[in-house]
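Counting convention: from 1, in listed order, for ligands and their atoms alike.
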Amino acid sequence: MASPDETRSDAPPTPESRPPSVDRLARAIADVDLPHPLLVDAARSAVASGDPATAEQRARDIAGEQARSLLTSVVNATGVLLHTNMGRSPWMNLPGHGSDRYSSLELDLDSGERGSRQDRAPRLLARMCGAESAMVVNNCAAAVLLALAALADGRGVVVSRGELVEIGGGFRIPEVMSQSGADLLEVGTTNRTRLADFEQAIDGNDVALALSVHRSNYRITGFTESVAACDLTGLGVPVLADLGSGLVDSACQWLDDGPPSWLEGEPAVRQTLEAGVDLVTFSGDKLLGGPQAGIIAGRADLVARCAAHPLARALRPGSLVLSSLQELALAYLARDGRSIPFWRMATIPVEELRRRASAISVDLAADTMAVPGGGTLPGVEIPSVGLMIPGDRVAELRTGTPPVIARVHDGSTVIDLRTVHPHDDDVVRAAVNRLT
Ligand SMILES: *Cc1c(COP(=O)(O)O)cnc(C)c1O
């Protein structure tokens, strides 16, 4: 029996109304730099959406749009050093990557046998922050989840009500806690928590851990009282400090001029561990200045329990991330902050930025304020210099190759040079010239 389609006997379409062949259209836009199947998709959408006479232009627009929307490198001229929309911290160059070679990821070069991916970069990271041991997972959220699951599944974890934080992107301590299987034991109040509150909660409960969470992205001011992570060390249970932002050492030995004033009060990994905290977790791509990763560092027996948990396999990082962290740890150990993009940009003297801004345009050079960003150091501003152009021109700047990402402040477009690599000053100059 014939299907309804086959029995249809419409007259053939006249040449003008016949839809252009999808395949012919896809070939007509072959100059757009996309693989053929994606050009066919664009052609199909164009054919489906209206007038055949303009289908080729529509197909070209759709395909061009898709080509531009692919992941690409951009010039961050926002002055936000750790910009969540641009991958937070930029990576260091990876020597040896980009070649077609394999990686020694899990190869023991001495024995030729299988080794552990957690041996190289994590060992250097531990050395860098004075920890007995360290391991790397996919991000800090994963680090907290794994530590809680491995150390406190089915048991209590005491944490201050003032530290039940939400980090952007849906990381909420109470939810992570429940996913890990640990029982949240809230202590104190939103604005005031005392050591005695922890002692009471531990008394008579099966408590596996005391958790301290860094208020990375908010402040509580006024009538407040809180207990620092290092003051939890006498409670008789292991202390886990989720530091998040991951400042390695408050002395910043990798910076020629020592710690910048805007870091004041930011807890550091080394000092937190020295104060007796058993385990810390922190991000790779915040103040550490590396790729997206989460680091668990501290007592070797606790790190080993995390590494042995089944979730560790699901949360493990790949060789790109581990290679990048290895370079980063070597740079920290060599006290070479200038090779770490985040620290180089964060500490460029204002005079140098002013010189660069004037070289691009004396008329447009203006003082600006940069920020650390990335959910760290709320309220902190870092004096900076950039270019100021009247009106909102940020959308036009985004259309360049590479796109320049600027921001609008008080009705002006601000191009902040603190977050721009000097070798991109020419890109900025060209983009500005196109606008003015
Ligand atoms: C940022 C942050 C996290 C989450 O880190 P990701 O690496 O983004 O997963 C967790 N805890 C604290 C305290 C943070 O600041």
Within reach of ligand 1, part of Ala141 (heavy-atom separation under 4.0 Å): both
Residues, nucleotides or ligands: over 12 heavy atoms within 6.0 Å of Arg172 CZ: no
Lys286 to ligand 1, any heavy atom closer than 4.0 Å: yes
Contacting atoms of ligand 1, where contact means under 4.0 angstrom from a heavy atom of His214: 13 (C)
Location of contacts on Gln292 toward ligand 1, heavy atoms closer than 4.0 Å: neither
Any Val144 heavy atom less than 4.0 Å to ligand 1: no
Ligand 1 N/O within reach of Asp285 N/O, cut-off under 3.5 Å: no
Partner set under side-chain hydrogen bond (donor to acceptor under 3.5 Å, both in side chains) for Thr189, not counting sequence neighbours: Asn191
Those atoms of ligand 1 less than 4.0 Å from some heavy atom in Phe171: 10 (C), 11 (N)
Arg88, portion touching ligand 1 at heavy-atom distance under 4.0 Å: side chain
Polar atom proximity, Gly244 to ligand 1 (N or O, under 3.5 Å): no
Sequence neighbours excluded, every pair satisfying salt bridge (charged side-chain N to carboxylate O under 4.0 Å, His left out) that has a member inside residues 361-384: Arg354-Asp367
Ligand-residue contact atoms, ligand 1 with Ser216, heavy atoms, under 4.0 Å: 12 (C), 13 (C), 14 (C), 15 (O)
More than 12 heavy atoms from other groups under 6.0 Å of CZ on Arg114: no
Note: Asp416-Arg418 ion pair, threshold 4.0 Å (strictly below): no
Cationic N near anionic O, under 4.0 Å, Arg58 to Asp61: no
Heavy-atom nearest neighbour in the protein, as seen from atom 7 (O) of ligand 1, with distance rounded to 0.1 Å: Ser283 OG, 2.6 Å
Aromatic plane relationship, Tyr332 with Trp254 - under 30° parallel, 30 to 60° tilted, over 60° perpendicular: perpendicular
Part of Asp242 within contact of ligand 1 (heavy atoms, under 4.0 Å): both
Salt-bridge present (Arg60, Asp31; N to O < 4.0 Å): yes
